[in-house]
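Everything below concerns the one structure shown next.
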Amino acid sequence: MALKTDIEQLDGGRKLPLVEDFYTIQGEGFHAGKPAYFIRLGGCDVGCRWCDAKYTWNPRLYPPTDVRTVIDRATACPAQAIVITGGEPLLYPLGVLTETLHAKGLEIFLETSGTHPFSGYFDWVCLSPKRQQPPLDEAFGKAHELKVIVGDEADFEWAERNAARVGAGCILYLQPEWSVAERMMPAIVEYAKAHPKWNISIQTHKYMHIP
Ligand SMILES: C[S@@+](CC[C@H](N)C(=O)[O-])C[C@H]1O[C@@H](n2cnc3c(N)ncnc32)[C@H](O)[C@@H]1O
Ligand SMILES: Nc1nc2[nH]cc(C(=O)O)c2c(=O)[nH]1
Ligand code: SF4
Ligand SMILES: [Mg+2]
């Protein structure tokens, strides 16, 4: 299965495989609670079995869309923050989209597994490392926050391994994998209390019943 849209179809990033764009409240990590305009791109080659965006994986379902149409919608709403997510957004050249939005004075946030080379401008990078396809070295130095998904006890060791590779100022989050959140929450709470460099992120949008 083609896991990314062919680059030549993207006209250097003037077009991107758009899944959806929507104005909501950031539900995860350091900026949870912040109103933000989300731009979700299609295609991912990482394959997390518990991914809550599996509908994005096949980019062929999402034809390359002129980024100007998305930018027009994003700038027509009151949002001052834009979150670029996916799928795995770093599959694509993000320079045109992000630099155009930045030039309009908007804050640009990235949600990424760090599995592909960076392109584009970001004010904030959230790195969520995946065991089956770990981040590229360059991702660790760019991460403003590290958000490790915890689905079982072994993930705490995975979290520490990644925490050891990010910059000193990178903010650390443990996020329960949604389908086992109830069961894993006590262990996550106890781990964070015992290792207070870690914070907890709980996908508040899912409790708020917003996208
Ligand atoms: C859908 S991913 C898209 C961006 C990028 N591919 C990544 O993984 O960071 C957005 C965020 O949701 C997290 N996520 C995905 N499925 C989840 C689940 N079932 N439970 C908790 N977090 C999840 C990811 O780890 C990531 O931090
Ligand atoms: N409200 C809301 N917050 C989010 N933070 C990260 C998300 C993502 O799917 O990248 C996400 C999302 O899908 N919805
Ligand atoms: S890297 Fe992100 S989009 Fe891709 S499968 Fe994992 S959670 Fe889903
Ligand atoms: Mg989501």
Side-chain angles (χ1 to χ4, degrees), residues 1 3-5 16-59 61-62 77 79 81-92 94 107-118 120 122 124-136 139-140 142-152 155 158-159 162 166 170-185 188 199-211:
M1 173 173 81
L3 294 160
K4 65 186 283 191
T5 297
L16 291 170
L18 178 69
V19 175
E20 56 193 353
D21 54 304
F22 53 103
Y23 188 20
T24 186
I25 305 296
Q26 168 61 273
E28 303 182 16
F30 183 77
H31 296 286
K34 178 190 281 284
Y37 197 82
F38 276 68
I39 299 171
R40 191 183 304 284
L41 303 180
C44 186
D45 58 358
V46 180
C48 306
R49 59 177 170 71
W50 35 254
C51 176
D52 64 8
K54 281 184 178 166
Y55 60 95
T56 67
W57 287 7
N58 180 359
L61 302 177
Y62 309 106
C77 83
I82 308 287
V83 176
I84 314 287
T85 186
E88 179 39 61
L90 289 181
L91 283 168
Y92 305 112
L94 299 176
E107 263 198 304
I108 318 297
F109 297 77
L110 177 67
E111 297 277 342
T112 183
S113 59
T115 49
H116 295 275
F118 276 72
F122 301 101
W124 187 272
V125 173
C126 173
L127 174 63
S128 186
K130 307 300 186 305
R131 207 191 281 275
Q132 72 277 17
Q133 193 167 327
L136 301 180
F140 291 98
K142 292 181 183 294
H144 295 87
E145 71 180 302
L146 179 73
K147 187 172 66 186
V148 180
I149 309 308
V150 179
D152 60 40
D155 291 327
W158 170 243
N162 286 275
V166 293
C170 183
I171 304 169
L172 307 177
Y173 284 91
L174 301 170
Q175 180 161 297
E177 194 283 293
W178 180 251
S179 70
V180 295
E182 284 296 306
R183 176 165 61 80
M184 285 306 297
M185 200 64 78
I188 292 170
N199 303 280
I200 295 177
S201 168
I202 59 166
Q203 294 195 296
T204 52
H205 57 294
K206 294 182 178 176
Y207 296 96
M208 296 161 77
H209 306 294
I210 57 177

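Heads up: numbering here begins at 1 and tracks the sequence. When a ligand or atom number is given, it counts from 1 through the structure's own listing order.
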Of all the heavy-atom pairs spanning [X] and [Y], show the shortest one and how long it is.
X: G43; Y: Y92; answer: CA-OH, 3.9 Å
X: V148; Y: P129; answer: CG2-CG, 4.0 Å
X: G29; Y: E145; answer: CA-OE1, 3.2 Å
X: Y62; Y: G42; answer: CD1-CA, 4.0 Å
X: L146; Y: A159; answer: CD2-O, 4.3 Å
X: Y173; Y: S201; answer: CD2-CB, 3.8 Å

Short list, please: which atoms of ligand 2 are under 4.0 Å from a heavy atom of [X]?
X: P211; result: 1 (N), 2 (C), 14 (N)
X: I25; result: 1 (N), 2 (C), 3 (N)
X: E111; result: 6 (C), 10 (O)
X: G27; result: 1 (N), 2 (C), 3 (N), 4 (C)
X: T24; result: 1 (N)

Could you check whether Q203 and D52, counting side-chain N and O atoms only, form a donor-acceptor pair closer than 3.5 Å?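 Judged by distance alone, the side chains do pair up.
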
Write out the residue and atom name of the closest protein heavy atom to [atom], then the distance separating them to 0.1 Å.
atom: atom 12 (C) of ligand 2; answer: H205 NE2, 3.6 Å
atom: atom 27 (O) of ligand 1; answer: K147 CE, 3.0 Å
atom: atom 10 (C) of ligand 1; answer: T85 OG1, 4.1 Å
atom: atom 10 (O) of ligand 2; answer: T85 OG1, 2.6 Å
atom: atom 22 (N) of ligand 1; answer: Q175 NE2, 3.0 Å
atom: atom 8 (O) of ligand 1; answer: K130 NZ, 2.7 Å
atom: atom 18 (C) of ligand 1; answer: E177 OE2, 3.6 Å
atom: atom 5 (N) of ligand 2; answer: Q26 OE1, 2.6 Å
atom: atom 23 (C) of ligand 1; answer: Q203 NE2, 3.8 Å
atom: atom 9 (O) of ligand 2; answer: R40 NH1, 3.0 Å
atom: atom 25 (O) of ligand 1; answer: S128 OG, 2.8 Å

Please state whether the rings of H144 and W124 are parallel, tilted or perpendicular, taking 30° and 60° as the class boundaries.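 Rings of H144 and W124: parallel, as their planes differ by under 30°.
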
So if I count the atoms of ligand 1 from 1 in the order they appear, which ones are less than 4.0 Å from some heavy atom of A53?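 So the answer, numbered in order with elements, is 1 (C).
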
In this structure, does ligand 1 have an atom that sits under 4.0 Å from one of the heavy atoms of [X]?
X: P176; answer: yes
X: C51; answer: yes
X: S179; answer: no

Pairs of nitrogen or oxygen atoms closer than 3.5 Å, one from T112 and one from ligand 1: do any exist?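 Among all N and O atoms of T112, at least one is under 3.5 Å from an N or O of ligand 1.
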
Below the 3.5 angstrom mark, is there an N/O of W178, backbone or side chain, next to an N/O of ligand 1?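 Right, the criterion is met.
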
How many angstroms lie between CG in L110 and CD1 in I84, if you round to the nearest 0.5 Å?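 One gets 7.5 Å once the value is rounded to the nearest 0.5 Å.
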
Under 6.0 Å from the six-membered ring centre of F122 and within 45° of its axis: does the NZ or CZ of K142 meet both?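 Geometry flag: not set, cation outside 6.0 Å or 45°.
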
Only one of D155, I149, V46 forms a side-chain contact (heavy atoms from CB on, under 4.5 Å) with R131, so which one is it?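 Considering D155, I149, V46, a side-chain contact (heavy atoms from CB on, under 4.5 Å) with R131 is found only for D155.
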
I'd like to know if [X] contacts ligand 2, where contact means a heavy-atom distance under 4.0 Å to any ligand atom.
X: A53; result: no
X: I210; result: no
X: Q203; result: no

For ligand 1, the portion of D52 having any non-hydrogen atom under 4.0 Å away: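 Looking at D52 and ligand 1, atoms from backbone and side chain both fall under 4.0 Å.
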
Return yes when atom CD of Q132 has more than 12 non-hydrogen atoms of other residues, nucleotides or ligands closer than 6.0 Å, and no otherwise.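 Yes, because the 6.0 Å sphere around CD of Q132 holds more than 12 heavy atoms from other groups.
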
Should one rank [options] by closest heavy-atom distance to [atom], which comes out on top?
atom: atom 3 (C) of ligand 1; options: G151, G87, G27; value: G87
atom: atom 6 (C) of ligand 2; options: E20, H31, E28; value: E28
atom: atom 12 (O) of ligand 1; options: E28, K206, E88; value: E28
atom: atom 2 (S) of ligand 1; options: S113, A181, G86; value: G86
atom: atom 11 (C) of ligand 2; options: F22, F38, F109; value: F38

Show me, by chain and number, every protein residue that has a heavy-atom distance under 4.0 Å to ligand 3.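 Its neighbours under 4.0 Å (heavy atoms only) are C44, V46, G47, C48, C51, W57, G87, S113, K130, given by chain and number.
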
Can you confirm whether [X] sits close enough to [Y] that some side-chain heavy atom of one is under 4.5 Å from a side-chain heavy atom of the other?
X: V166; Y: L172; result: yes
X: F38; Y: P211; result: no
X: T204; Y: I25; result: no
X: F30; Y: K147; result: no
X: L41; Y: L94; result: yes
X: L16; Y: P89; result: no
X: P134; Y: W158; result: yes
X: F118; Y: V125; result: yes

Distance-only N or O hit between ligand 2 and [X], under 3.5 Å:
X: D52; result: no
X: G86; result: no
X: K147; result: no

How about F109 and H31: are their ring centres within less than 6.0 Å of each other?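 Yes: the rings meet the under 6.0 Å criterion.
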
Quick check on side chain to side chain donor-acceptor pair (under 3.5 Å): which of E88, Q133, K130 does S113 satisfy it with?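 Of E88, Q133, K130, side chain to side chain donor-acceptor pair (under 3.5 Å) with S113 is met by E88 alone.
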
When you look for heavy atoms under 4.0 Å from ligand 2, do you find them on the side chain of V83, its backbone, both, or neither?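 No part of V83 comes within reach of ligand 2.
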
Donor-acceptor pair, T85 side chain versus R40 backbone, under 3.5 Å?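 Side chain of T85 to backbone of R40: no pair is present.
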
